[in-house]
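Bear in mind that the values here come from a model prediction, so they are computed numbers and not experimental data.
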2 protein chains.
Amino acid sequence: MARPVQQRSIQTRDRLLQVAGAMALDQGLAGLRTEAIVERAGVAKGTFFAHFPDKDHLVAELVARRMAGLIPTDAPNVAGFLAGLEPLFALMTAEAEVLDILARFAGPAGQAAGLDVVICDLIAAQAGQLGALQGLGLVRPSPDPATLAEGVFAFLLHAAASAQCPISAPDRLARQQAARDLLARLVSAWIT
Amino acid sequence: MARPVQQRSIQTRDRLLQVAGAMALDQGLAGLRTEAIVERAGVAKGTFFAHFPDKDHLVAELVARRMAGLIPTDAPNVAGFLAGLEPLFALMTAEAEVLDILARFAGPAGQAAGLDVVICDLIAAQAGQLGALQGLGLVRPSPDPATLAEGVFAFLLHAAASAQCPISAPDRLARQQAARDLLARLVSAWIT
DNA sequence: CATAAATATTGACCGTGGTCATATTGCAAG
DNA sequence: CTTGCAATATGACCACGGTCAATATTTATG
């Protein structure tokens, strides 16, 4: 018989996520240790892996939660659309782990813990905006909005990745600004 | 005094790469174990890490060597340019590890073991081709060839990633074909 | 050739992610 | 209540990447 999920189970899972999220805030995602999470959550290590297939899936869910709040809503024009990418770009470049997880779960690993859903939502939202801008004649009509949105996401990842690459510039801030410019250049050339 | 690198050192390094490359051919990149590599190469584990900062750097070098032979040369027209992307796409989707390493080293980790150089070469080569095609009026003139090439690379990564994502389609072959179509759609919309 | 210094190699050791047989807890039926 | 079973939790254990003080080898120099 298929019995429903017990309360304590989702409580445990939530506590793990909450604890991990809190720890990630002051140690960074890269500093997360399962042992430490488990200890502070008051459960055994095995319990962790009963709720998450591996550590990366928990991290992916943390990233997904962060991303979920950053999906842009409205965009009266192209400049507004570009501005809406800023928080996402900031998230992706804030910690190297974020991009790592995104690259791994937005593609290869698939079926992440909610991350794929968030990304789909994001792309759908962007497609909606781009479609509206197409209607206003502010965005080129040729590829359909969904394709445009997918391309924007690809550029977001690429630009964020280049922000981390020490080759382009030694200084971290300079790299980030260069990557920001790259993103604007790519996206505006893509959608207009 | 800065003494030159000893012969045995580059021999050891080469043997490690050769052995790892051979093992990767029949076990896949994901199946590589440093212990196994080291054993078959006849060196101690510490020696491995004296030559490579970590396992991923060795894998990155293997991937770089594979990629180096796939850099497209000529492209009489847009269709030819698209066709030149095919081997790269095939490499990226052949093993999930390849994409993982690319995503990690083309961006975040930076200063990979030659991978970054190969990628720069690739982008430069593509920029050359796109510039020529611009001259022929076959590619849109607006973004400079370097930007166009960078965008193409971003799309390559994105399409390859989507080929691995189980969400799009359950069947592996169908996914790969869908991703191939996506790549063609994105790139042709990007460069024309 | 002797010797010292730089280079290269070694392998025991460690941290951490992940597994699994076992124990415990919650729930529903008798 | 209690009995039986599925869901959940446990923690000793393992695999594997990576470290480092010690050792061996090469090379430059007097």
Side-chain angles (χ1 to χ4, degrees), chain A residues 1-20 23-24 27-63 96-97 100-101 104-105 108-109 111-113, chain B residues 1-20 23-24 27-63 96-97 100-101 104-105 108-109 111-113:
Chain A
M1 281 307 181
R3 289 184 181 170
V5 177
Q6 298 178 12
Q7 280 301 324
R8 63 170 173 164
S9 181
I10 61 179
Q11 276 179 6
T12 304
R13 194 189 141 91
D14 280 348
R15 194 159 65 254
L16 282 169
L17 273 169
Q18 182 190 328
V19 164
M23 294 179 82
Q27 311 177 8
L29 291 171
L32 284 182
R33 302 279 161 255
T34 51
E35 298 266 20
I37 297 171
V38 149
E39 187 182 4
R40 278 193 47 174
V43 299
K45 199 192 243 182
T47 304
F48 183 103
F49 293 97
H51 288 279
F52 304 95
D54 54 43
K55 197 184 89 169
D56 283 349
H57 276 75
L58 177 136
V59 177
E61 196 152 338
L62 292 180
V63 171
E97 276 290 319
D100 195 36
I101 290 291
R104 176 175 290 125
F105 282 79
Q111 61 204 45
Chain B
M1 281 305 186
R3 289 184 182 172
V5 177
Q6 297 178 12
Q7 280 301 323
R8 62 172 174 162
S9 181
I10 61 179
Q11 277 178 8
T12 302
R13 194 190 142 91
D14 280 349
R15 194 159 64 253
L16 283 170
L17 272 170
Q18 182 189 329
V19 164
M23 295 179 80
Q27 310 178 7
L29 290 170
L32 283 182
R33 301 281 160 254
T34 51
E35 299 265 19
I37 297 171
V38 148
E39 187 182 4
R40 278 192 48 173
V43 300
K45 198 190 243 182
T47 304
F48 184 103
F49 294 96
H51 288 280
F52 305 94
D54 54 43
K55 196 184 89 167
D56 284 349
H57 275 75
L58 177 135
V59 176
E61 196 152 339
L62 292 181
V63 172
E97 276 290 319
D100 195 37
I101 290 291
R104 177 175 288 125
F105 283 78
Q111 62 204 46

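A donor N or O paired with an acceptor N or O is not found under 3.5 Å between the base of dG18(C) and the side-chain atoms of K55(A).
Side chain of R33(B), nearest nucleotide from dG18(C), dT8(D), dG17(D): dG17(D). When distances run from any side-chain atom of P4(B) to the nucleotides dT8(D), dG18(D), dA28(D), the shortest one goes to dA28(D). In this structure, of dG18(C), dA7(D), dG17(D), it is dG18(C) that holds the atom nearest to the side chain of F49(A). Nearest to the side chain of K45(B), among dG18(D), dG17(C), dT8(D), sits dG18(D). When distances are taken from the side chain of Q6(B) to each of dA8(C), dT10(D), dG26(C), the shortest belongs to dA8(C). You'll find that the side chain of R8(B) is closest to dT25(D), out of dT25(D), dT10(D), dT16(C).
Here the straight-line distance linking atom CD of E61(B) with atom CD1 of I101(B) works out to 12.0 Å at 0.5 Å rounding. Rounding to the nearest 0.5 Å places CG of L62(B) at 6.0 Å from CG of L17(B). Note that CD of Q18(A) and CZ of R40(A) are 9.5 Å apart. Values are rounded to the nearest 0.5 Å. The line from CD of Q11(A) to CG of L16(A) is 12.0 Å long, rounded to the nearest 0.5 Å.
Rounded to a whole Å, the CG atom of D56(B) is 10 Å from the C1' atom of dG17(D). As rounded to whole Å, 13 Å separates atom P of dG17(D) from atom CZ of R104(B). If you measure from atom CZ of F48(B) to atom P of dC16(D), you get 14 Å, rounded to the nearest angstrom. dA8(C) atom P lies 13 Å from atom CG of D14(B), rounded to whole Å. Summarising the geometry, the separation between CG on D54(B) and P on dC20(D) is reported as 14 Å, rounded to the nearest angstrom. Taking atom CZ of residue R13(A) and atom P of nucleotide dA7(D), one finds them 17 Å apart after rounding to whole Å. To the nearest angstrom, P of dT9(C) lies 11 Å from CD1 of I10(B). Computed from coordinates, the H51(B) NE2 to dA8(C) P distance equals 7 Å when rounded to whole Å.
Counting all heavy atoms, side chain and backbone alike, I37(B) lies closest to A20(B) at CD1-CB, 3.9 Å. Of all non-hydrogen atoms in M23(A) and A36(A), the two that sit nearest each other are CE-CB, 3.6 Å.
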Taking distance alone, no hydrogens or angles, what donor-acceptor pairs closer than 3.5 Å link side-chain atoms of residues 43-55 of chain A to residues at least two apart or in another chain?
| unit_1 | atom_1 | unit_2 | atom_2 | d |
| --- | --- | --- | --- | --- |
| K45(A) | NZ | E35(A) | OE2 | 3.0 |
| D54(A) | OD1 | D56(A) | N | 3.1 |
| D54(A) | OD1 | H57(A) | N | 3.0 |
| D54(A) | OD1 | H57(A) | ND1 | 2.8 |
| K55(A) | NZ | L32(A) | O | 3.0 |

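OP1 or OP2 of dT10(D) has at least one side-chain nitrogen or oxygen of T47(A) nearer than 4.0 Å. Using a 4.0 Å cut-off, some side-chain N or O of T12(B) falls inside it from OP1 or OP2 of dT9(C). The side chain of S9(A) contributes an N or O atom lying less than 4.0 Å from OP1 or OP2 of dT8(D).
Under the 4.5 Å side-chain criterion, counting only non-hydrogen atoms from C-beta, V63(A) is in contact with L29(A).
Contacts of L32(A) with the nucleic acid, taken as non-hydrogen atoms under 4.0 Å apart, involve only primed sugar atoms and P, OP1 or OP2.
Residues from residues 34-44 of chain B that place a heavy atom under 4.0 Å from any atom of DNA chain C, listed by number: V43(B), A44(B).
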